[in-house]
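Below: one structure, written as structure tokens.
Chain identifiers are assigned alphabetically (A, B, ...) following the order of the sequence lines, protein sequences preceding nucleic acid strands; residue numbering begins at 1 within each chain.
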Protein chains: 2
Amino acid sequence: MATIKDVAKKAGVSISVVSKTYNNYVDVSEETRQRIFAVAKELNYSPNIVAKNLSSKKQMTFGLISSGVLNDNEKDNNAFDIFKGVYREISESRFELSIYLIDSQKQKQQSYVQYCRERNIGGAILQGIRTDDQYYTELINTDIPCVVLDIMNETANGMIGSVSIDNAEASKEMALHLLKRNHRRLVIMTGTKETYVNKERMKGLEEALHVYGMKLSDVDVLDADFSEEMAYSLTKEYLETKQPTAFLCFSDLMAFGVMRAVKEAGFKIPEDVSVTGFDDLVFSGFTQPPLTTVKQDFVEIGKVAAQLLQDIKEKKLERQHIWVKHRLMERESVKTLPRN
Amino acid sequence: MATIKDVAKKAGVSISVVSKTYNNYVDVSEETRQRIFAVAKELNYSPNIVAKNLSSKKQMTFGLISSGVLNDNEKDNNAFDIFKGVYREISESRFELSIYLIDSQKQKQQSYVQYCRERNIGGAILQGIRTDDQYYTELINTDIPCVVLDIMNETANGMIGSVSIDNAEASKEMALHLLKRNHRRLVIMTGTKETYVNKERMKGLEEALHVYGMKLSDVDVLDADFSEEMAYSLTKEYLETKQPTAFLCFSDLMAFGVMRAVKEAGFKIPEDVSVTGFDDLVFSGFTQPPLTTVKQDFVEIGKVAAQLLQDIKEKKLERQHIWVKHRLMERESVKTLPRN
DNA sequence: CTGTTAGCGCGTTCAT
DNA sequence: ATGAACGCGCTAACAG
């Protein structure tokens with residue numbers, strides 16, 4: 001492959017002139033500029049990014065540190081959609097994208113900071129990372145700009161941004177959706193308690209209940225840790241003694257488990273029991289019946305995260321947290337009950 | 001971040017000794033070796049991959065050039081699974097992985113060769129690339145080792161490997177599966193004619209027909225270009241005049257389209273019409289009825305491709321093409337007909 | 001406008 | 001067993 005040296009020699013100039021024309025310096029005569037590009041084309045030259053990266057102390061690559069892409073449930077394509085959004089955005093910028101996928105099964109993972117340092121990564125997007133992850137803490141305490149997803153950063157570090165939908169609001173809307181349709185005997189299938197999203201969704205739920213003069217203690221809360229299987233067995237057990245009118249689930253995956261258990265218990269959805277989800281996975285439009293849920297636009301979330309990271313990197317940061325809009329997808333898993 | 005220089009200074013040695021200990025040279029005394037690692041740990045040092053890449057003329061990164069990840073049908077996660085397999089394998093090796101996703105919508109894409117050169121990429125895995133892609137031809141004619149998926153390389157270039165299931169055999173098995181169950185009025189829903197996989201599947205089909213004393217002209221062939229929608233409309237139209245006993249589809253996506261059209265035409269699957277697919281998408285286990293299809297293990301394909309690429313790179317290549325085994329997934333979309 | 005020089009962080013001879 | 005010196009391909013002052 002042709003190097004900058006080859007181009008310089010053939011064009012009869014020094015390498016610095018070549019470098020300058022490629023980096024849009026103004027002090028290169030239009031004539032030599034043209035000549036250099038002509039020679040470059042002839043030699044099939046294009047600058048080596050690796051060398052460029054090392055030489056200019058500028059950092060030109062961003063990292064996407066993501067858990068959940070590798071070992072997620074096969075029906076769960078969220079992490080993948082985020083990846084798509086990030087990739088699209090970054091590929092249209094002048095940055096490179098490096099991917100670091102965490103396999104939560106495997107213990108031996110590398111420090112995120114080390115990962116970034118080794119690759120001269122100038123900023124990272126974190127997805128599916130738990131706040132109690134030691135490497136997470138290590139990373140956000142460095143000067144490496146970060147954008148975190150589904151975590152509200154409590155850190156004072158100005159280089160941290162975050163992106164998510166308004167989980168509390170979305171959850172409130174969904175609860176209201178059920179309440180408005182006269183559902184009162186509700187079961188809430190929640191996810192991992194400690195997570196930011198779960199806390200937010202609980203908050204929204206409480207607000208909705210409050211509107212109807214109810215409290216959290218007026219509904220049953222089952223903790224299924226965002227797991228389809230756990231939701232399935234909890235529901236199965238629950239239905240042996242009680243019969244609620246609706247299950248409000250904090251994820252579609254859990255809703256799938258609930259639906260399965262409800263059907264196996266001999267109930268019809270939504271005639272006997274209503275079910276709602278959260279996320280809007282591809283699957284959710286094809287369940288029987290199609291699932292009413294909150295749509296999160298993960299591709300958009302990824303895209304926005306990548307934009308925010310660039311903004312932070314270029315110091316033109318305006319806000320710390322960006323809300324991506326969600327949407328209530330009304331399908332056929334919810335029945336309107338007669339007013340009692 | 002600490003550099004090799006810092007470590008050298010603190011350990012009281014020259015940088016070359018540090019470099020050597022990190023690169024497993026034998027001529028470093030065990031004592032200084034230990035000391036260097038101790039200092040490195042203290043300084044939180046780890047070698048800069050970018051610099052390493054530039055300095056050693058060895059190429060340490062592989063590229064995954066993939067079409068279909070970005071703009072594929074949302075139900076189609078094949079490209080993603082391949083990505084997973086490749087990532088897993090590469091991340092356990094000493095190589096880095098660079099991703100290059102092709103958006104077939106956008107015209108302005110960069111030459112694959114240029115992509116590789118700029119990043120000092122030492123080998124590439126190509127997926128979802130068409131053989132009539134000009135950049136494809138350009139790339140495989142260089143000395144850059146490549147592994148192509150679902151393409152049988154016709155090139156003489158020894159640096160090219162390929163991985164796929166045995167499409168002909170799989171197709172034959174599926175056709176036999178139908179024939180054995182006394183289906184004779186068959187409709188074959190084929191994909192893009194020019195593709196390698198389609199040709200192979202046709203070949204297998206013909207072999208199966210031959211076993212039963214039939215020829216290709218004894219069945220109806222509909223070309224749906226691997227598109228769900230096209231399969232849908234072709235089926236719809238077809239069913240207005242004819243009534244076959246089974247549709248053999250060259251992809252699950254097309255099978256979905258067929259199933260929809262069949263149902264809309266008032267037929268039951270599999271009671272009135274049987275349908276089979278190819279790929280085994282996540283969705284296929286959840287259609288009504290669950291789809292009988294050929295499972296391709298895409299994660300495995302990705303993994304094998306990455307292994308093969310490493311082998312080629314390290315010159316210990318044994319074979320050019322590796323077959324990954326497929327599996328016939330017998331579910332509920334095929335009925336056994338009474339013998340006629 | 002153009003060229004010279006000095007690195008970036010590291011690997012690799014070649015002496016010692 | 002260790003170190004000095006050179007270079008990978010490029011950017012970035014600084015001179016001219």
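- Of the residues in residues 35-54 of chain A, A:Y45, A:P47, A:N48, A:A51, A:K52 come within less than 4.0 Å of DNA chain D through at least one heavy atom, sorted by number.
- Nearest heavy atoms, A:Y45 versus A:I4: CE1-N, 3.4 Å.
- Taking 4.5 Å as the limit, some side-chain heavy atom of A:E42 sits within range of a side-chain heavy atom of A:K10.
- Of all heavy-atom pairs spanning B:E314 and B:F95, the tightest one is OE2-CE1, 4.0 Å.
- Between B:D27 and A:I4, the residue anchored nearer the 5' end of DNA chain D, judged by the nucleotide with its closest heavy atom, is B:D27.
- The aromatic rings of B:Y115 and B:Y100 lie parallel to each other, with less than 30° between the two planes, well short of the 60° mark.
- Look at B:E300 and B:K325 and you find no salt bridge, because none of the NZ, NE, NH1 or NH2 atoms lies under 4.0 Å from a carboxylate O.
- End-to-end axis angle of the helix from C:dC1-D:dG16 to C:dT16-D:dA1, using five pairs per end and rounding to 10°, comes to 40°.
- Cation-pi geometry between A:K84 and A:F80 is met: the NZ or CZ atom falls under 6.0 Å from the ring centre, inside 45° of the normal.
- Contacts with DNA chain C (heavy atom under 4.0 Å) in residues 113-120 of chain A: none are found.
- Note on A:K57: a side-chain N or O is less than 4.0 Å away from OP1 or OP2 of C:dG9.
- Between A:K52 and B:E118 no salt bridge is recorded (no basic side-chain N to carboxylate O distance below 4.0 Å).
- Formation of a donor-acceptor pair under 3.5 Å by the A:R35 side chain with backbone atoms of A:A11 is found in this model.
- Screening B:I151, B:N141, B:I140 for a side-chain contact (heavy atoms from CB on, under 4.5 Å) involving B:I160 leaves a single residue, B:I140.
- Boundaries of the chain B contact region on DNA chain D are D:dA1 to D:dG9, first to last in 5' to 3' order (nucleotide atom under 4.0 Å from a heavy atom).
- Listed by first then second residue, pairs satisfying salt bridge (charged side-chain N to carboxylate O under 4.0 Å, His left out) with a partner in residues 130-141 of chain B read B:R130-B:D132, not counting sequence neighbours.
- More than 12 heavy atoms of other shown residues, nucleotides or ligands fall within 6.0 angstrom of atom NZ in A:K313.
- Note on A:S16: a base of the nucleic acid sits closer than 4.0 angstrom, heavy atoms only.
- Using a 4.5 Å heavy-atom cutoff, the side chains of A:F62 and A:I125 are not in contact.
- Distance A:M60 CE to C:dC8 P: 19 Å, rounded to the nearest Å.
- Note: A:F83 and B:F83 have parallel aromatic rings, judged against thresholds of 30 and 60 degrees for the angle between ring planes.
- A donor and an acceptor atom, one from each side chain of A:T32 and A:S29, are located under 3.5 Å apart.
- With contacts defined as side-chain heavy-atom distances shorter than 4.5 Å, the pair B:I301/B:Q296 qualifies.
- For DNA chain D, the residues of residues 17-26 of chain A within the heavy-atom distance limit of 4.0 Å (strictly under) are A:S19, A:K20, A:N23, A:Y25, sorted by number.
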